[in-house]
Amino acid sequence: MKQRNLSFVLRVALCIVLLVVAYVLQCSLGIRFSIFGVHIDLLPLIVAAVGVVMGSGAGFVCGFAAGLLYDVSASGIEGIYPLYYLICGILCGTAGERFRNRQIRGTMLCSASVILALAAIRYLFLFQFSDMGILIFARNIAAQLLLAVVLSPIVLVVVRMVSGRKKTASISLEQSMEGGSNGPS
């Protein structure tokens, strides 16, 4: 049992390292993913994929780590991002239980939901201080959602590799074959 817990902790730690690497690449080094002038943020995609693949506990930890990375950059009100992303990690993990055999769809849906909810929060709290028009804001959100849906399968593959999990359909097939051979004949 201790081996299994250590393995889970190690996989979550590797996912946090993936978050830090993605954050450093997209912010500190100036590498920004931009299509049509809209920048995509990989951290919500990673939190959603970790939640779907590894469950609520890993989503909680990775979401909190992603929020701390945002707080370190001083890009918003302190403490809001860790709370927001840990809640998103838990919800993506819970939703991931429904998408066990369709993880690509689940990751796309969760990634889009995380980005849309964050955009709504930013709109409600920060839009009044911005001179950006509502149509430009809506266009940027639509482009971010499109990019999130396109990049989610790629992020899902990377998170699966980091977490050491294969596609769950093949795992459940292997388990059913093992269960069939070990059961009474």
Side-chain angles (χ1 to χ4, degrees), residues 1-29 31-35 39-70 81-82 84-118 144-180:
M1 188 70 171
K2 284 186 178 184
Q3 177 87 15
R4 186 175 222 168
N5 289 339
L6 181 63
S7 175
F8 178 76
V9 170
L10 181 63
R11 289 182 287 156
V12 171
L14 287 173
C15 289
I16 292 173
V17 168
L18 177 66
L19 278 170
V20 170
V21 168
Y23 182 77
V24 167
L25 286 176
Q26 74 184 22
C27 292
S28 298
L29 298 177
I31 300 172
R32 299 284 308 231
F33 297 104
S34 176
I35 297 177
H39 300 287
I40 186 67
D41 188 7
L42 291 177
L43 271 58
L45 305 180
I46 294 171
V47 169
V50 167
V52 169
V53 171
M54 297 179 64
S56 297
F60 171 86
V61 174
C62 287
F64 185 72
L68 286 178
L69 288 172
Y70 280 113
Y81 283 117
Y84 171 75
Y85 279 107
L86 75 86
I87 290 171
C88 287
I90 292 170
L91 292 176
C92 289
T94 304
E97 294 172 5
R98 294 183 175 257
F99 292 106
R100 284 294 172 210
N101 294 327
R102 299 176 306 273
Q103 285 184 344
I104 292 176
R105 288 183 202 164
T107 304
M108 286 178 177
L109 180 65
C110 287
S111 297
S113 298
V114 168
I115 289 173
L116 190 59
L118 184 60
Q144 284 181 355
L145 289 173
L146 180 64
L147 288 174
V149 168
V150 169
L151 292 176
S152 289
I154 298 167
V155 172
L156 178 64
V157 168
V158 172
V159 167
R160 279 185 189 156
M161 289 180 353
V162 168
S163 70
R165 301 241 173 139
K166 297 178 184 176
K167 188 175 179 182
T168 56
S170 62
I171 291 173
S172 62
L173 179 63
E174 291 171 6
Q175 289 174 350
S176 67
M177 291 175 61
E178 289 175 7

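What you see below is based on every heavy atom in this structure, not just the backbone, and it leaves out hydrogens, waters and symmetry mates.
The two residues L42 and Q26 have their closest heavy-atom pair at N-OE1, 3.1 Å. C88 approaches V114 most closely through the heavy-atom pair CB-CG2, 3.9 Å. Scanning both residues, V50 and G59, for their nearest heavy atoms gives CG1-N, 4.1 Å.
A distance-only check finds a donor-acceptor pair linking the side chain of S56 to the backbone of T94 [under 3.5 Å]. Looking only at distances, a side-chain donor or acceptor of Y84 sits under 3.5 Å from a matching main-chain atom of L118. In this structure, the side chain of Q144 does not engage the main chain of I115 through any donor-acceptor pair within 3.5 Å. Y85 places no side-chain N or O within donor-acceptor distance of the main-chain N or O of L68, the cut-off being under 3.5 Å.
Rounded to the nearest 0.5 angstrom, C62 SG and I46 CD1 are separated by 9.0 Å. The distance from the CG atom of L91 to the CG atom of L86 is 9.5 Å, given to the nearest 0.5 Å. Distance check, rounded to the nearest 0.5 Å: SG of C92 to CE of M54 gives 14.0 Å. Note that the SG atom of C15 and the CG atom of L10 stand 10.0 Å from one another [nearest 0.5 Å]. To the nearest 0.5 Å, atoms CG (L69) and CG (L43) are separated by 6.0 Å. Interatomic distance, CG of L151 versus CE of M108, reported as 10.0 Å (0.5 Å rounding).
You'll find the side chain of L116 reaches within 4.5 Å of the side chain of L145, heavy atoms only.
The number of heavy-atom neighbours closer than 6.0 Å to CZ of F64, taken from other residues, nucleotides and ligands shown, is 12 or below.
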Report the C-alpha distance between T107 and V155 in whole Å, list the side-chain angles of each, state the deciding distance to 0.1 Å, and finish with yes or no for side chain to side chain contact (heavy atoms under 4.5 Å, CB included).
-> CA-CA 9 Å; T107 304; V155 172; 5.9 Å; no
